[in-house]
Amino acid sequence: MFIYDSVQKTKREFVPQEEGKVKLYVCGPTVYDDAHLGHAKSALVFDLLSRVLRAEGYEVTYVRNITDIDDKIIKKAQEQNKNIKEITDFYTTSYTLEMAKLGVKQPDIEPKATESLEAMFELIQKLIDKGHAYKTKSGDVYFDTSSDNAYLSLSHRVQDEDDKIQRVESSSEKKNSSDFALWKSVNDGSLTFESPFGYGRPGWHTECSAMIEKHLAKEESKFAVDIHGGGADLMFPHHENEAAQTRCGTNHQLAAYWMHNGFVNINGEKMSKSLGNSFFLKDALQIYDGEILRFYLLSTHYRSNFNFSEEDLLLCKKRLDKFYRLKKRLFGIKITFTRSAFQDELLRALGDDLNISTALALIDEMISYSNETLDNAPKNKEFKNEVLSNLAYIEEVLGFGIKNPFEYFQLGVDEATKQKIASLIEARSEAKKAKDFAAADTLRNEILSIGVNIMDTPEGTFWEKI
RNA sequence: GGUGCCAUCGCCAAGUGGUAAGGCCGCAGCCUGCAAAGCUGCUAUCCCCAGUUCAAAUCUGGGUGGCACCUCCA
């Protein structure tokens, strides 16, 4: 496995700290609103990564957090006149359901900030004890960025010149303007907790470091996790601060490899509420099947920015259609799983920093070759078994193609229409048998007019929703 | 202003020194009663300029054009 480390900016061979085992941590959502396509992309990328690592034989411990302590959650609760828990439960559930529709497997551990407070207290205390954090008069606890000489080494930033000026002018209690809150002293009754530092809320960055310590890190290891992932926009300040906390508060670095996925843009622009072009996953799922969205969102390399367009999505779907047509062709045949050269090649491509384009090209070539061979030798059982094994392998590693192929082509067609189609096809077959081709064509046009394509095969006439 | 990313066929998109993968669209053919599906074949020298090299889409320098981060953000 080769992974591009976005901190070192090089692709290098992945070597886990403990042989055969991978600790993977990914920043999950803050549950204050519906997930948008960007959340989907991130979840999909790291779902793919965990699948590929497992296919390579690694035992993976995948942790993805739920941030359920945040100012935005409080704001939302106030707006909707609901309590905090109602909001976080609602969006946690919808997130989980929507990810499931995309074929994203649940991570092994999904810790919540509200359940990780003890670990946060412990980390904050350690930082204070070691002189990397300080408490202000008003009760806030800040991380002292000037105490960490490796600060900004992750995001490769340069300390702002006006940093010092700000410090003088600002009435803030911070020692440096880049210092960030580990604990915010609040006692307004909304989402506050009792801590050794008084009532308040933890800072956002603290939870990830704390959860990693709690669930993944080993005291003696050099890195708390093997791979830390998240969206590219989290690099700074979130990951920078996480890394600083862990580096200063514990005996290890945070991550051996950092992976950041690119953005999903709409019309070339980043999605944002102010631009009014946010595309919620729930809305996309009403129009397109989750599996098609999965295929589309994964079809471009994870580090590239992704420009979402419905037109591209529909074109991309045709690629998935080909997979299902082959699957349909071999429907009902029992398989004994066999390993093939194709599977090795596919894994090699994906093992190269998740080179999905090469992987999809291999799949397309495999499909063409399989169709051709099946045309020439329709009774070759051994070959059919190999093809089915290849399809099953793709389903497991890439997570698409899992549906019944007939149902896939009939998505969104109701029972009454299905019966109507069946009777029209039956009538057309009769007409064809009687060599009344004019009548057969009329019937076919009628079928076409309801948005359905038909195809005659040796096994009978099949139909697909266009 | 600071930092960084990107620029490959009509569209999407691999490829980081050895002579341009794949998909969609298009054209031709096979198959088909005709179609559809499937299969076969055809279609780019890689934004511009200069340089390094036997050899560059791939390295270096300079342009031009996109985009992102620097505030919450997947």
Side-chain angles (χ1 to χ4, degrees), chain A residues 6 9 11 26-30 32-33 35-46 64 67 70-72 75 152 155-162 178 204 229-238 240 260-265 268-274 278 281 296 299-307 309 311-322 325-326 328-329 349 352 355-376 409 431-432 435-438 440-441 444-445 447-448 452-457 461-464 466:
Chain A
S6 41
K9 298 187 183 190
K11 197 196 282 187
V26 176
C27 292
T30 301
Y32 72 102
D33 203 349
H36 58 227
L37 293 174
H39 294 104
K41 170 88 180 176
S42 184
L44 283 165
V45 164
F46 293 105
R64 189 186 61 206
T67 298
D70 190 277
D71 289 355
K72 292 189 288 289
K75 193 169 165 239
L152 298 182
S155 55
H156 307 290
R157 252 158 234 285
V158 245
Q159 193 78 22
D160 256 344
E161 259 311 301
D162 45 280
S178 56
W204 172 39
D233 50 351
L234 296 181
M235 178 92 116
F236 185 88
H238 186 52
E240 185 72 60
H260 289 96
N261 64 276
F263 297 109
V264 177
N265 296 327
E269 285 180 314
K270 185 178 174 177
M271 282 186 289
S272 78
K273 282 179 191 169
S274 52
S278 275
L281 184 53
Y296 177 55
S299 68
T300 296
H301 189 81
Y302 76 93
R303 275 188 279 124
S304 307
N305 284 343
F306 188 93
N307 195 27
S309 100
E311 194 185 335
D312 290 345
L313 183 149
L314 293 172
L315 296 177
C316 194
K317 174 183 176 293
K318 295 186 179 183
R319 226 170 169 174
L320 185 57
D321 290 349
K322 286 164 70 157
R325 289 200 187 101
L326 178 58
K328 189 161 76 171
R329 206 172 164 175
D352 181 16
N355 191 331
I356 190 74
S357 289
T358 301
L360 292 180
L362 286 167
I363 291 172
D364 287 326
E365 281 162 4
M366 183 278 288
I367 291 172
S368 285
Y369 173 74
S370 299
N371 275 319
E372 190 185 359
T373 307
L374 288 168
D375 284 345
N376 296 327
F409 287 111
K432 273 176 65 179
K435 304 256 188 233
D436 185 356
F437 296 124
D441 289 351
R444 181 169 58 204
N445 285 334
I447 296 169
L448 266 169
V452 168
N453 228 346
I454 57 172
M455 41 208 66
D456 298 325
T457 77
T461 299
F462 297 122
W463 63 272
E464 294 179 1
I466 297 168

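Given the structure is predicted, the values throughout are model-derived calculations rather than measurements. We use all heavy atoms of the structure for the numbers below, so side chains are in, but hydrogens, waters and symmetry mates are not. By convention in this document, chain letters (A, B, ...) are assigned in the order of the sequence lines, proteins followed by strands, and residues within each chain are numbered from 1.
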Next on the checklist: Both distances below 3.5 Å, Watson-Crick or wobble geometry, any strand: find the nucleotide opposite B/rG4.
Outcome noted: B/rC67
Checklist entry - In whole Å, what separates the C1' atom of B/rG61 from that of B/rC9? => result 29 Å
Next on the checklist: Test of understanding: with ring pair (Phe, Tyr, Trp, His ring centres under 6.0 Å), list the residues that count as partners of A/Phe409, not counting sequence neighbours.
Outcome noted: none
Next on the checklist: I'd like to check the side-chain hydrogen bond (donor to acceptor under 3.5 Å, both in side chains) partners of A/Tyr296; sequence neighbours left out, ordered by chain and number.
Outcome noted: none
Item to check | Separation of the C1' atoms in B/rU52 and B/rG17, to the nearest angstrom | outcome: 11 Å
Next on the checklist: Assess whether a salt bridge exists between A/Arg444 and A/Asp441, defined as any Lys/Arg side-chain N lying under 4.0 Å from an Asp/Glu carboxylate O.
Outcome noted: yes
Item to check | Which residue lies more 5' along RNA chain B, comparing A/Tyr296 with A/Ala232 via nearest heavy atoms | outcome: A/Tyr296
Checklist entry - For A/Asp312 and B/rC25, what is the distance between atoms CG and P respectively, to the nearest whole Å? => result 13 Å
Checklist entry - For A/Glu365, which contact category applies under a 4.0 Å heavy-atom criterion: base, sugar-phosphate, or nothing? => result sugar-phosphate
Next on the checklist: Using a 4.0 Å heavy-atom cut-off, does A/Val264 contact any base of the nucleic acid, only the sugar-phosphate backbone, or nothing at all?
Outcome noted: base
Checklist entry - Do A/Arg325 and A/Glu464 meet the salt-bridge criterion of a basic N to acidic O distance under 4.0 Å? => result yes
Checklist entry - Which base sits across from B/rU19 as a Watson-Crick or G-U pair, both distances under 3.5 Å? => result none
Item to check | A/Asp71: side chain to side chain contact (heavy atoms under 4.5 Å, CB included) partners, not counting sequence neighbours | outcome: A/Ile74, A/Lys184, A/Arg201
Checklist outcome for this item: Taken in chain and number order and not counting sequence neighbours, the residues that satisfy side chain to side chain contact (heavy atoms under 4.5 Å, CB included) with A/Ser368 are none
Next on the checklist: Please name the nucleotide paired to B/rG33 by Watson-Crick or G-U wobble geometry with both distances under 3.5 Å, or report none.
Outcome noted: none
Checklist entry - Expressed as a whole number of Å, how far does the C1' atom of B/rU58 sit from that of B/rU45? => result 12 Å
Next on the checklist: Among residues at least two apart in sequence or on other chains, which ones pass ring pair (Phe, Tyr, Trp, His ring centres under 6.0 Å) with A/His260?
Outcome noted: A/His239
Item to check | Rounded C1' spacing from B/rU53 to B/rC30 in Å | outcome: 48 Å
Checklist entry - Expressed in whole Å, how much space separates the C1' atoms belonging to B/rC59 and B/rG15? => result 16 Å
Next on the checklist: Over all strands shown, is A/Lys328 touching base, sugar-phosphate only, or nothing at heavy-atom distances under 4.0 angstrom?
Outcome noted: nothing
Collect all protein-nucleotide pairs involving nucleotides 38-44 of chain B in which both atoms are nitrogen or oxygen and the distance is under 3.5 Å.
| from | atom 1 | to | atom 2 | distance (Å) |
| --- | --- | --- | --- | --- |
| B/rG38 | OP1 | A/Arg325 | NH1 | 3.2 |
| B/rG38 | O3' | A/Asn371 | ND2 | 3.2 |
| B/rG38 | O2' | A/Asp375 | OD2 | 3.4 |
| B/rC39 | OP1 | A/Ser368 | OG | 3.0 |
| B/rU40 | OP1 | A/Glu372 | OE1 | 3.3 |

Checklist entry - A/Phe236: what forms a ring pair (Phe, Tyr, Trp, His ring centres under 6.0 Å) with it, not counting sequence neighbours? => result none
Checklist outcome for this item: Residues passing the side chain to side chain contact (heavy atoms under 4.5 Å, CB included) test with A/Lys9, sequence neighbours excluded, are A/Tyr4, A/His156
Checklist entry - Watson-Crick or G-U wobble partner for B/rC59, using a 3.5 Å limit on both distances? => result B/rG51
Item to check | Gap in Å between the two P atoms, one belonging to B/rA36 and one to B/rC31, rounded | outcome: 15 Å
Checklist entry - If the C1' atom of B/rG33 is compared with that of B/rA28, how far apart are they to the nearest Å? => result 22 Å
Checklist entry - In the 5'-to-3' direction, what one-character label does each nucleotide of nucleotides 13-19 of chain B receive under the scheme B = base within less than 4.0 Å of a protein heavy atom, S = sugar-phosphate only, - = no such atom? => result SSS----
Item to check | Salt-bridge criterion met for A/Lys72 and A/Asp33 (N-O under 4.0 Å) | outcome: no
Next on the checklist: Base contacts versus sugar-phosphate-only contacts with protein, heavy atoms under 4.0 Å: please encode nucleotides 26-36 of chain B as B, S and - from 5' to 3'.
Outcome noted: -------BBBB
Checklist entry - Base, sugar-phosphate alone, or nothing: which one does A/Gly231 contact when heavy atoms must sit under 4.0 Å apart? => result sugar-phosphate
Checklist outcome for this item: Sorted by chain and residue number, the side chain to side chain contact (heavy atoms under 4.5 Å, CB included) partners of A/Asp364 (sequence neighbours excluded) come out as A/Arg319
Checklist outcome for this item: With sequence neighbours left out, the residues meeting ring pair (Phe, Tyr, Trp, His ring centres under 6.0 Å) with A/Phe46 are none
